[in-house]
Amino acid sequence: MSKLNEIRFNRGVIFRAVAVAVSLLMLAPAPFAVADTAQSSGSSVESTDGLPPNPRHSWETDANQLVSSSDQNDSMSLQASSSPYWRNGNFYNGKGVLFATNGMKVADISEWQSYSNGKLVKNIDWNAVKSSSGINGVILRVGYSETLDKSFAHNIKEVKRLGIPYGIYHFSYATNASEAKAEGQWVAKTLKSYGATNLAYPIFYDLESWSWKSNGVTHTSPSNPTANQAIFTAFASAMKQAGFSDNSLRIYTNAYRLRHELNTDALHRRASWVAQYGTELQYPYPYNGADLGWQYTSAASVAGISGPQPRVDMSAFRNPCTQGASSTKKPVYRLFNPNSAKHHYTVSSQECQVLVNLGWKFETIAFYGYQTSAIAKLHDSDVKAVFREYNPNDGNHNFTTSVIEHETLASKGWKAEDIAWLAPLKGTTVYRLYNVYNGEHLYTTDKNEYNTLPRYGWRQEGTAWMSL
């Protein structure tokens with residue numbers, strides 16, 4: 001039987017997750033040498049009740065950022081020719097450079113869209129948002145300091161009812177780690193009380209510049225990067241103690257602050273939602289390029305939102321599970337579950353996105369194979385089929401190019417699934433390791449990773465297959 005006939009006969013694959021977190025070396029943030037929209041200093045807001053005021057963004061917006069709602073071609077009509085734009089589901093900066101393939105159009109929502117002077121004017125029509133807005137999700141403000149956003153109860157109820165993908169952001173007024181810990185405890189308690197646990201987007205800690213006065217005392221946001229790092233660490237620790245996944249805790253801020261008040265390696269690793277209104281995002285995103293969100297305007301129009309502040313902030317989020325594919329080339333995505341300490345590999349963008357929504361961390365494109373649809377153009381001598389098996393007893397998957405291994409596992413109770421992809425016979429080596437303690441396999445093109453893991457109980461098993 002030829003290899004291709006074996007492929008058609010077996011039709012089986014996805015892979016066995018890996019159980020030990022692999023630490024990957026990362027470069028320090030690149031130096032910043034580009035112009036940026038200046039931070040708005042503004043004047044201090046006077047508080048009459050001794051509590052922090054309801055915040056707005058702390059930087060200036062561009063008058064050319066007026067955006068209309070999506071048209072039938074899924075493009076955004078923009079007044080300025082140098083403004084970012086959507087086209088066929090992809091997002092481009094004002095210079096026409098692709099920012100996000102199959103990007104996710106995400107609006108962030110707070111009580112400013114429904115309330116004026118603390119009084120309800122008009123709630124958001126979430127049915128219209130879902131059916132007519134053309135957005136892919138929303139990020140809801142839960143509150144600021146330890147004050148609940150007045151629209152949160154209504155908004156979270158509606159997005160859950162309608163199945164609209166959502167994330168959370170919280171505006172921080174913390175000046176030290178102790179206050180940040182209290183904010184984290186408050187956020188965790190509040191999210192649990194509203195059942196906000198099935199998030200499609202992360203929980204963002206909103207770290208901006210602010211200033212407010214009370215009884216003659218001026219309170220200002222910390223400007224020291226080390227202090228801000230301690231603030232985020234305290235917030236994240238409180239959230240994790242309450243059971244929230246570490247990977248779900250990120251930072252929202254603007255590009256200016258990342259160059260200055262938040263310019264530490266640890267904070268850059270968490271900054272995956274960045275605001276900058278203008279032609280392009282001038283931030284090198286050294287750590288979160290795959291799933292970065294760019295808030296590119298504060299003046300978008302969304303169907304169903306017509307209250308006291310009808311214009312909303314709009315962002316383009318990269319979907320890491322749709323990057324790198326071509327008509328014949330198929331990326332294999334590598335994800336990590338911080339709860340089970342397992343890795344998973346998949347060529348399915350849908351499976352990848354489902355796992356990300358469940359809290360798995362997208363790590364990288366591990367390697368490449370052929371699309372299974374390319375089989376008609378290939379010959380037996382060109383490819384090897386990578387088979388996928390599933391163990392219903394422990395939930396693990398396995399990948400192999402060996403027909404014997406594939407059939408042996410099936411005879412021992414593993415479920416033969418489908419062919420994951422077709423691997424080339426020539427290309428970059430994909431190495432296979434076996435963990436002698438828990439029976440997991442790991443696959444990598446990183447020779448350093450392959451040579452380092454044996455120190456931690458992994459056994460080298462040589463070449464698994466090749467990558468395009």
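Note that this is a predicted model, so its numbers are computed, not measured.
At least one donor-acceptor pair closer than 3.5 Å links the side chain of Gln113 to the backbone N or O of Ser110. Ser145 places no side-chain N or O within 3.5 Å of a backbone atom of Thr147 that could act as its donor or acceptor partner. Remark: the backbone N or O of Asn254 is not paired with any side-chain donor or acceptor of Gln276 at under 3.5 angstrom. Formation of a donor-acceptor pair under 3.5 Å by the Arg318 side chain with backbone atoms of Phe99 is found in this model. Proximity of a side-chain donor or acceptor of Tyr85 to a complementary backbone N or O of Asn93 within less than 3.5 Å is not detected. Tyr431 places no side-chain N or O within donor-acceptor distance of the main-chain N or O of Thr463, the cut-off being under 3.5 Å.
Here the CD1 atom belonging to Ile251 is positioned 13.0 Å from the CH2 atom belonging to Trp273, to the nearest 0.5 angstrom. Taken from CG in Leu262 to CD in Gln229, the straight-line distance is 10.0 Å, to the nearest 0.5 Å. From Asn102, atom CG reaches atom CG of Asn136 across 9.5 Å, with rounding to the nearest 0.5 Å. Interatomic distance, OG of Ser83 versus OH of Tyr296, reported as 10.0 Å (0.5 Å rounding). Interatomic distance, Glu179 CD to Asn176 CG, rounded to the nearest 0.5 Å: 4.0 Å. The CZ atom of Arg257 sits 9.5 Å away from the CG atom of Leu267 when rounded to the nearest 0.5 Å.
Residues satisfying the salt bridge (Lys or Arg N to Asp or Glu O under 4.0 Å) criterion with Glu405, sequence neighbours excluded, are Arg432. Applying the side chain to side chain contact (heavy atoms under 4.5 Å, CB included) test to Ala180 and every residue at least two apart in sequence or in another chain returns Ala174, Tyr205, Ile231, Ala234, Phe235. With sequence neighbours left out, the side chain to side chain contact (heavy atoms under 4.5 Å, CB included) criterion links Thr452 to Asn448, Arg455, Tyr456. Every salt bridge (Lys or Arg N to Asp or Glu O under 4.0 Å) that Glu280 has, sequence neighbours left out, goes to Lys95. Judged as a side chain to side chain donor-acceptor pair (under 3.5 Å), and not counting sequence neighbours, the contacts of Trp126 are Asn155. The side chain to side chain donor-acceptor pair (under 3.5 Å) search around Tyr166 returns Asn198, not counting sequence neighbours. Take Gln460 and apply the side chain to side chain donor-acceptor pair (under 3.5 Å) test, not counting sequence neighbours, and it matches Asn451. Applying the side chain to side chain contact (heavy atoms under 4.5 Å, CB included) criterion to Ala410, with sequence neighbours excluded, gives no partner residue. A search for side chain to side chain contact (heavy atoms under 4.5 Å, CB included) contacts involving Ala227 returns Pro222, Asn224, not counting sequence neighbours.
Geometrically, Lys415 does not engage Tyr390 in a cation-pi contact defined by less than 6.0 Å to the ring centre and at most 45° from the axis.
Enclosure of atom CD in Glu461 by more than 12 non-hydrogen atoms of other residues, nucleotides or ligands within 6.0 angstrom is indicated.
Pairing each heavy atom of Leu453 with each of Leu442, the nearest pair is CD1-CD2, 4.0 Å. Residues Pro202 and Arg250 share a closest heavy-atom pair of CB-CG, 3.6 Å. Smallest separation of non-hydrogen atoms from Trp86 and Ala316: CZ2-CB, 3.7 Å. A pairwise comparison of heavy atoms in Cys352 and Leu335 identifies O-CD2, 3.8 Å as the closest pair. Across Gly304 and Val129, no two heavy atoms sit closer than the pair CA-CG2, 4.2 Å. Taking both residues in full, the closest heavy atoms of Thr445 and Ser467 are given as CG2-CB, 4.5 Å, listed atom of the first, atom of the second, then distance.
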Donor-acceptor pairs are to be reported for all side-chain atoms of residues 156-163 against protein atoms at under 3.5 Å, with residues two or more places apart or in another chain.
residue, atom, partner, partner atom, Å
Glu158, OE1, Arg161, NH2, 2.8
Glu158, OE2, Arg161, NE, 3.2
Lys160, NZ, Tyr194, O, 3.1
Lys160, NZ, Gly195, O, 3.1
Arg161, NH2, Asn127, OD1, 3.4

Go through the steps to decide whether Ile135 and Val106 satisfy the test side-chain contact (heavy atoms from CB on, under 4.5 Å), and finish with yes or no.
-> CA-CA 6 Å; Ile135 63 174; Val106 180; over 6 Å; no
Full working for side-chain contact (heavy atoms from CB on, under 4.5 Å) between Glu351 and His344 | CA-CA 10 Å; Glu351 182 179 26; His344 186 62; 3.3 Å; yes
Does the side-chain hydrogen bond (donor to acceptor under 3.5 Å, both in side chains) test come out yes or no for Glu389 and Asn398, once each step is laid out?
-> CA-CA 5 Å; Glu389 305 88 25; Asn398 184 66; 2.8 Å; yes
When you look at Asp313 and Ile109, which way does the side-chain contact (heavy atoms from CB on, under 4.5 Å) test go after all the steps?
-> CA-CA 8 Å; Asp313 301 334; Ile109 306 296; over 6 Å; no
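Looking at heavy atoms from C-beta onward, Leu292 lies in side-chain contact with Val274 at the 4.5 angstrom threshold. Counting only heavy atoms from C-beta outward, the side chains of Tyr434 and Arg459 approach each other to under 4.5 Å. Between Thr400 and Val386, every side-chain heavy-atom pair lies at or beyond the 4.5 Å cut-off. Taking the side chain as every heavy atom from C-beta outward, Asp206 and Thr253 never approach each other to under 4.5 Å.
Judged purely by distance below 3.5 Å, without hydrogens or angles, the side chains of Glu363 and His343 pair a donor atom with an acceptor atom. A donor atom on one side chain and an acceptor atom on the other are not found under 3.5 Å apart for Glu261 and Asn228. Using modelled atom types, one finds a donor on one side chain and an acceptor on the other under 3.5 Å when comparing Gln295 with Asp108. Between the side chains of Thr364 and Arg334, no donor N or O sits under 3.5 Å from an acceptor N or O.
Residue Trp294 forms a ring pair (Phe, Tyr, Trp, His ring centres under 6.0 Å) with just one option from Tyr92, Tyr252, Phe317, Phe91, and that option is Phe91. Among Phe367, Phe387, Tyr368, the single residue meeting the ring pair (Phe, Tyr, Trp, His ring centres under 6.0 Å) criterion with Trp421 is Phe367.
A salt bridge (charged side-chain N to carboxylate O under 4.0 Å, His left out) check over residues 129-156, counting only residues at least two apart or in different chains, returns the pairs Glu111-Arg141, Glu111-Lys150, Arg141-Asp149. Counting only residues at least two apart or in different chains, salt bridge (charged side-chain N to carboxylate O under 4.0 Å, His left out) contacts with residues 231-249 comprise Lys240-Asp246, Asp246-Arg270.
Ring pair Tyr283/His268 is parallel by interplanar angle, where below 30° counts as parallel and above 60° as perpendicular.
Residues His170 and Trp186 place their aromatic rings such that the two centres sit under 6.0 Å apart. The distance between the ring centers of Tyr169 and Phe171 does not fall below 6.0 angstrom.
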